[in-house]
There are 2 protein chains.
Amino acid sequence: MPVQDRQIEERLAEAGVRYTAGRRHVVSALERVDGPLSAAELHLEMGGAVPVSSVYRTLAVLEEAGVVEPHHGARGITRYEMAEWLAGHHHHLVCIECGAVEDIELPAPLEVELERLVGQVSSWASFSAGGHSLEVDGRCARCR
Amino acid sequence: MPVQDRQIEERLAEAGVRYTAGRRHVVSALERVDGPLSAAELHLEMGGAVPVSSVYRTLAVLEEAGVVEPHHGARGITRYEMAEWLAGHHHHLVCIECGAVEDIELPAPLEVELERLVGQVSSWASFSAGGHSLEVDGRCARCR
DNA sequence: GCCTATAATGAGAATCATTATCAACAAGCC
DNA sequence: GGCTTGTTGATAATGATTCTCATTATAGGC
Ligand SMILES: [Mn+2]
Ligand SMILES: [Mn+2]
Ligand SMILES: [Zn+2]
Ligand SMILES: [Zn+2]
């Protein structure tokens, strides 16, 4: 029961929902993989332990509580990953062939620069900026 | 018939498809608006002149030919905009409230830096990079 | 202009991800 | 144990997108 799990439990308590076995399953699957997963992919990753309809509802609950974040990809597929306050800030390599998403981290100096720019350009556009994400698309090692 | 249209005609010819009236309608609607549009939104924008099923097919043809590019948003909705070689390279401010997407341009120096980083981190990940896009999410002026 | 081959269109059916329902179930509390 | 309320899971409904196929338009060849 790592620190993370305590924080998640707490966050769900604040949201007024229980941290049930099914929800723990989904969280632990998301923690174990390295990029965002769709409901169907999660269902498989858990060996069918949690039915698809429950995966969807669980993801909605976790998103509402701020534990996971959605990522909208090709073919109308939404994948989820642990929220940034749990997984750390990062960006994505997206394969235009198979849709796989890989996490990447930028070197701190560029990240700082980006952060500064985002604030600047946002205020100029009267836009209240929350997060940001750099998406690089191309072909993954398997799809070359 | 602006320069753009010549280039598009040429590109479609290379792709071995015709630049028909319906396809011209869709292109001109996308050129006239200021953010990416979905198939349904395009259908409306054109006053129903092109049936929805044809809009979808047309967008697929235009994407295949590299004339338009998809943008994947919430609720499984895909919106299209003119490709970068026609509209210019830019990034996006995405409103988490109403879904509106606004185009932004980064200052050249940061763009150069980004480009360099994208190439670097991609080769390290055995990833063949195509384009990249920085998405900033937050609340637009209207939704504050 | 007319013919023919081929590309494109449009109405509707089919598909697929997601969401809503609702009856059965589990947890917390007295 | 009963009671209350949150949770689950099978299934139906929804909505965006894709497919099908009969019809129509277009480009050449004559
Ligand atoms: Mn990620
Ligand atoms: Mn744009
Ligand atoms: Zn791939
Ligand atoms: Zn807005």
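Every value quoted in this text rests on a predicted model; they were computed, and no experiment measured them. A note on names: the letters A, B, ... follow the listed sequences, proteins ahead of strands, and every chain is numbered from 1.
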* To do: Give a yes or no on whether a donor-acceptor pair under 3.5 Å exists between the nucleobase atoms of D:dG9, that is its base, and the side chain of A:Arg57.
  => yes

* Take B:Arg18 and A:Arg75, find for each the nucleotide of DNA chain C with the closest heavy atom, and name the residue whose nucleotide sits nearer the 5' end. => B:Arg18

* Asked: Whole Å only: how far is the CG atom of A:Leu42 from the C1' atom of D:dG9?
  -> 17 Å

* **Distance below 4.0 Å between A:Thr20 side-chain N/O and C:dA26 OP1 or OP2** => no

* Using modelled atom types only, decide if a donor and an acceptor are shared between the side chain of B:His90 and the backbone of B:Gly88 within a distance under 3.5 Å. => yes

* **Phosphate contact (D:dT7 OP1 or OP2) by A:Ser54 side-chain N/O below 4.0 Å** => no

* Write down the distance between CD (A:Glu63) and P (C:dT18), rounded to a whole number of angstrom. => 12 Å

* Look at all strands and tell whether A:Val17 reaches a base, only sugar-phosphate, or nothing, counting heavy atoms closer than 4.0 Å. => sugar-phosphate

* To do: Would you kindly say whether A:Glu135 and B:His72 are connected by a side-chain donor-acceptor distance under 3.5 Å?
  => no

* Toward the 5' end of DNA chain D, which comes first, B:Ala21 or B:Gly76, by nearest nucleotide? -> B:Gly76

* To do: Please state whether the phosphate of C:dT19, meaning OP1 or OP2, lies under 4.0 angstrom from any side-chain nitrogen or oxygen of A:Tyr56.
  => no

* Expected output: side-chain A:His71 to main-chain A:Thr78 donor-acceptor under 3.5 Å -> no

* Euclidean distance, atom NE2 of residue A:His43 to atom P of D:dT8 [Å, nearest integer] -> 15 Å

* For the pair made of CG in A:Leu62 and C1' in D:dT7, what is the distance, rounded to whole Å? -> 13 Å

* **Lys/Arg N to Asp/Glu carboxylate O, B:Glu31 vs B:Arg24, below 4.0 Å** => no

* Would you mind reading off the distance between B:His25 atom NE2 and C:dG10 atom P, rounded to a whole angstrom? => 11 Å

* Asked: What nucleic acid atoms does B:Thr78 come within less than 4.0 Å of, heavy atoms only: base, sugar-phosphate, or nothing?
  -> sugar-phosphate

* **Between P of C:dC16 and CD1 of A:Ile77, the distance in whole Å** => 11 Å

* Can you tell me the distance, in whole Å, between the CG atom of B:Leu12 and the C1' atom of C:dA8? => 13 Å

* Donor-acceptor pair present, A:Ser53 side chain and D:dA10 base, under 3.5 Å -> yes

* Compute whether any side-chain donor of one residue and acceptor of the other, for B:Ser53 and B:Arg57, lie under 3.5 angstrom apart. => no

